[in-house]
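All remarks here apply to the structure that follows.
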Amino acid sequence: MAESMQGLKRSHRCAEVSKGNLGEQVTVMGWVQKTRNKGGLIFADLRDRSGLLQITFNSEKISEETFNQAYKLRSEFVIAVTGTVVEREGGVNPNLLTGEIEIAAETLRVLSEAETPPFPIEANSRTKEELRLKYRYLDLRRPDLQANIMLRSKVCMLVRTFLAEEGFLEIETPMLTKSTPEGARDYLVPSRVHPGSFYALPQSPQIFKQLLMCSGYDRYFQIARCFRDEDLRADRQPEFTQIDMELSFVDVDDVIDVNERLLAKIFREATGVEISLPIQRMTWQEAMDRFGSDKPDLRFGMELHNVTDVVKDSAFVVFKGAIEAGGSVRGINVKGQGGMPRKKIDALVEFAKGYGAKGLAYIAINEDGTYKSSFAKFMKPEEMDALATAMEGEPGDLLLFAADKNKLVYDVLGALRLELASQLELFDKDEYRFVWITEFPLLEWSEEQGRYLAMHHPFTMPMEEDLPYLETEPGRVRAKAYDIVLNGTELGGGSVRIHQDDVQERMFAALGFTKDAAYEQFGFLLNAFKYGVPPHAGLAYGLDRLIMLMAKENSIRDVIAFPKVKDASCLMSEAPNRVDEKQLEELAIAVMTAPDGQE
RNA sequence: GGCCCAGUGGCUCAGUUGGUUAGAGCGUCGCCCUGUCACGGCGAAGGUCGAGGGUUCGAGUCCCUUCUGGGUCGCCA
């Protein structure tokens with residue numbers, strides 16, 4: 001039976017009661033975690049988001065009616081207890097914040113009874129995620145998830161405080177906006193008033209924040225929801241949150257400076273982690289050459305070696321062919337793994353093939369200095385020695401080589417490096433290694449579309465010294481773009497934007513846009529730029545990823561209150577769902593699938 | 001769209017080469033217990049082995065299809 005709480009007022013959260021309250025009468029409310037019934041004495045652990053507090057119901061000290069009520073308490077009942085804070089008689093529980101005290105209950109109200117939950121409400125749950133997500137409101141009661149959600153709230157509060165002090169204004173931008181075909185797929189929202197026309201949910205507030213710069217709000221930020229209709233991953237959800245900012249009259253160093261101080265503050269105050277400033281910077285080219293990735297994990301070595309020059313005259317056709325086709329041969333040295341069984345090496349070869357490699361060449365250096373290799377028969381002994389030397393190979397090492405186009409070699413070795421580090425546990429899980437990656441290529445050649453695409457977006461400013469090559473050698477133009485990377489995860493990124501219309505026109509030309517096509521898509525931005533636009537630059541963080549790393553979780557689902565699963569549906573609400581014919585009619589939409597979802 | 005992993009009482013799992021009545025721990029329910037906190041004692045209930053089909057004298061186990069969830073490649077300016 002559920003009772004009213006009329007006349008009662010909660011005085012403390014459970015874990016807010018402390019030794020300082022000894023002798024006081026308090027009223028606490030929460031969920032029953034567990035009861036331990038000793039016959040004439042009942043213990044109940046009461047839980048809320050602050051933690052646990054032990055309540056005792058003593059048959060000799062309270063009314064028979066209250067005791068009988070306590071006898072019937074079950075897990076997850078919501079109760080209100082008034083009682084006195086006392087020291088524990090039976091010894092302290094060092095595992096509990098409130099382990100030295102307990103509440104000697106005087107009155108008890110059962111505010112709500114509860115069925116037995118489908119899985120245990122406890123930290124470190126081993127329950128299948130499918131079930132947890134179906135009953136997300138129960139999953140969210142678990143202490144580790146509550147800690148994550150509270151951490152997230154704290155970080156948002158710190159971000160707002162810091163940026164406000166730095167002169168930023170928090171401004172909202174529209175959720176119903178305009179679809180643009182560049183980039184990710186948009187989520188579309190039909191317009192009732194304009195049959196056949198659609199809004200798009202924003203992939204990011206990019207254009208609007210640039211317009212705010214045009215309007216003179218020289219420092220803007222927003223904790224903004226963004227939407228992308230692409231396939232999910234452990235660190236990708238169809239809707240996610242960005243800490244988005246834009247600044248006027250600044251260059252790269254200004255943006256980096258304010259963001260380093262922001263990161264230092266939130267890590268210090270939310271997690272106690274000190275970041276030493278300034279954060280290391282590395283160009284995109286260096287990151288690719290050394291780590292095969294534009295988001296390198298710097299917590300361990302195993303860097304790439306370019307051995308193209310060493311093997312360019314060898315008879316091994318795999319190496320030779322790749323080099324002649326304009327590619328390269330690079331390798332990583334897996335220290336001390338020369339004894340790796342053939343089966344495991346084969347598994348690594350398969351792993352590499354998953355990234356498009358045709359194979360993986362290897363040399364295991366035996367303890368006596370001899371080689372066990374997949375391609376030694378094609379090589380002269382002195383070539384093998386030179387290769388081992390170039391790789392800094394020592395007895396007991398395993399050398400792995402990829403030979404192909406540069407991009408593929410980077411991808412394969414970059415992924416292999418991470419895979420091996422994870423298998424061999426080469427990094428410290430408590431370490432936070434930040435790095436700024438700078439000087440990204442402005443453009444990326446798309447084989448599929450037969451034209452250059454913007455690596456970041458079409459408003460990214462080229463580096464001044466590379467501007468002359470925009471028409472002649474677009475591929476070598478670097479951008480004033482930067483990413484902040486933490487432990488191999490891209491936390492955020494941004495750029496200086498183009499504010500000169502001649503540069504913007506050249507950029508669109510490089511992308512193969514006609515002036516008309518550019519105006520069709522971004523006309524309101526280009527028009528705005530005619531009326532006085534300040535130089536500006538910005539950055540956006542993936543808030544979910546940031547919290548995931550701070551909370552040491554492996555998936556952003558564990559830091560989002562109500563996440564979606566792989567096919568972008570919600571197991572709890574069962575969204576998305578089919579809608580009434582009437583609703584569709586009103587929106588002038590015809591659906592091509594039958595009601596059961598079959599084509 | 002491709003590849004890989006998982007699905008067995010409420011939860012987490014075991015289940016041998018295909019062979020009797022599918023087991024365990026936790027939880028749940030009942031009785032007992034005044035210092036427990038992974039409480040304890042005694043007892044009990046609880047299963048279409050994700051679904052469908054096939055092979056077989058016989059399928060949780062082998063084969064095919066399919067559903068669900070996870071990881072990943074493609075994709076994500």
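Values below: every heavy atom of this structure, side chains too, minus hydrogens, waters and symmetry copies.
- Separating the P atom of B/G25 from that of B/A45 is a span of 15 Å, rounded to the nearest Å.
- Classification of A/Asp558 and A/Arg142 as a salt-bridged pair fails, no side-chain N sitting under 4.0 Å from a carboxylate O.
- Nearest to the side chain of A/Asp231, among B/U12, B/C75, B/A77, sits B/C75.
- When only modelled atom types and interatomic distance are considered, A/Gln222 and A/Thr173 share a side-chain donor-acceptor pair under 3.5 Å.
- Within 4.0 Å of A/Ser555, counting heavy atoms only, lies no atom of the nucleic acid at all.
- A/Asn37 comes within contact range of at least one nucleobase, with a heavy-atom separation under 4.0 Å.
- B/A6: Watson-Crick or G-U partner is B/U68, with both key distances under 3.5 Å.
- Across B/U20 and B/U61, the matching P atoms stand 14 Å from one another, rounded to whole Å.
- Phosphate contact (OP1/OP2 of B/C29, side-chain N/O of A/Arg74, threshold under 4.0 Å): present.
- Using P as the reference atom, B/G23 and B/U66 are 34 Å apart when rounded to the nearest Å.
- Residues A/Glu89 and A/Glu130 both approach RNA chain B. Their nearest nucleotides, taken by heavy-atom distance, put A/Glu89 toward the 5′ side.
- Across all strands, A/Leu571 comes closer than 4.0 Å only to sugar-phosphate atoms, never to a base (heavy-atom distances).
- If you check every strand for non-hydrogen atoms under 4.0 Å, A/Leu133 touches nothing.
- Dashed line: the shortest gap from a side-chain N or O of A/Lys128 to OP1 or OP2 of B/U12 is under 4.0 Å.
- Note on A/Arg557: only backbone sugar-phosphate atoms sit closer than 4.0 angstrom, heavy atoms only; bases stay farther off.
- Comparing A/Thr116 and A/Gly354 by the nucleotide of RNA chain B that holds the closest heavy atom to each, the one mapping nearer the 5' end is A/Thr116.
- Checking B/U34, B/G74, B/A38 against every side-chain atom of A/Arg236, the shortest atom distance belongs to B/G74.
- The C1' atoms of B/G18 and B/C63 are separated by 13 Å, rounded to the nearest whole Å.
- The interatomic distance linking A/Gln54 (CD) with B/U34 (P) rounds to 16 Å, in whole Å.
- Look at the C1' atom in both B/G60 and B/U56: the space between them is 16 Å, to the nearest Å.
- In this model, no side-chain donor or acceptor of A/Lys34 finds a partner on the base of B/C37 within 3.5 Å.
- For A/Tyr71, whose side chain is taken as the heavy atoms from C-beta onward, the closest listed nucleotide among B/U72, B/C32, B/C39 is B/C32.
- Contact check on A/Arg236 versus A/Asp231 returns no salt bridge, with no Lys/Arg side-chain nitrogen under 4.0 Å from an Asp/Glu carboxylate oxygen.
- A/Gln203 comes within contact range of no nucleotide atom at all, as no heavy-atom separation falls under 4.0 Å.
- Looking at heavy-atom distances under 4.0 Å, A/Gly356 makes no contact with the nucleic acid at all.
- Counted by atom type alone, A/Ser50 and A/Asp48 present one or more donor-acceptor pairs between their side chains at under 3.5 Å.
- Considering only side-chain atoms of A/Lys566, the nucleotide from B/G70, B/U36, B/C75 that sits closest is B/G70.
- Within the structure, every side-chain polar atom (N or O) of A/Arg233 is placed at least 4.0 Å from both OP1 and OP2 of B/G70.
- For the C1' atoms, the distance from B/G35 to B/G71 is 48 Å, rounded to whole Å.
- As the counterpart of B/A44, B/U28 is assigned, both hydrogen-bonding distances of the Watson-Crick or G-U wobble pattern falling under 3.5 Å.
- Listed nucleotides B/G69, B/G71, B/C73 differ in distance to A/Tyr355; the shortest reach to its side chain belongs to B/C73.
- One finds a salt bridge joining A/Asp404 and A/Lys358 here, because a Lys/Arg side-chain nitrogen approaches an Asp/Glu carboxylate oxygen to under 4.0 Å.
- Looking at the side chain of A/Thr127, the nearest of the listed nucleotides B/C11, B/G69, B/C76 is B/C11.
- Comparing the P positions of B/C26 and B/A44 gives a spacing of 16 Å, expressed to the nearest Å.
- The side chain of A/Leu453 sits closest to B/A77 out of B/A77, B/C11, B/C39.
- Comparing the same atom, P, in B/A77 and in B/C3 gives a spacing of 26 Å after rounding to whole Å.
- When the nucleotides B/G69, B/G71, B/C76 are ranked by their closest atom to the side chain of A/Arg228, B/C76 comes out on top.
- When both distances must be under 3.5 Å, the Watson-Crick or G-U wobble mate of B/G35 does not exist.
- In this structure, A/Thr35 reaches neither bases nor backbone, as no heavy-atom distance under 4.0 Å exists between it and the strands shown.
- Ionic pairing of A/Asp139 and A/Arg132 is present here: one or more N-O contacts between side-chain nitrogen and carboxylate oxygen are shorter than 4.0 angstrom.
- Here the C1' atom of nucleotide B/C73 and the CD atom of A/Glu419 are 14 Å apart, to the nearest Å.
- The base of B/C76 has none of its N or O atoms less than 3.5 Å from a complementary donor or acceptor on the side chain of A/Arg185.
- The side-chain ring of A/Phe43 is stacked on the base of B/U36, judged by centre separation under 5.5 angstrom and plane angle under 30 degrees.
- Residue-level contact check: A/Glu102 touches the bases, meaning some heavy atom is under 4.0 Å from a base atom.
- When the side-chain nitrogen and oxygen atoms of A/Arg126 are compared with OP1 and OP2 of B/G27, none of them lie within a distance under 4.0 Å.
- Looking at A/Thr98 and A/Gln54, their side chains never bring a donor and an acceptor atom within 3.5 Å of each other.
- Residue A/Asn58 is in base contact, counting any heavy-atom pair closer than 4.0 Å across all strands shown.
- Residues A/Glu65 and A/Gln69 bring no donor and acceptor atom of their side chains to less than 3.5 Å of each other.
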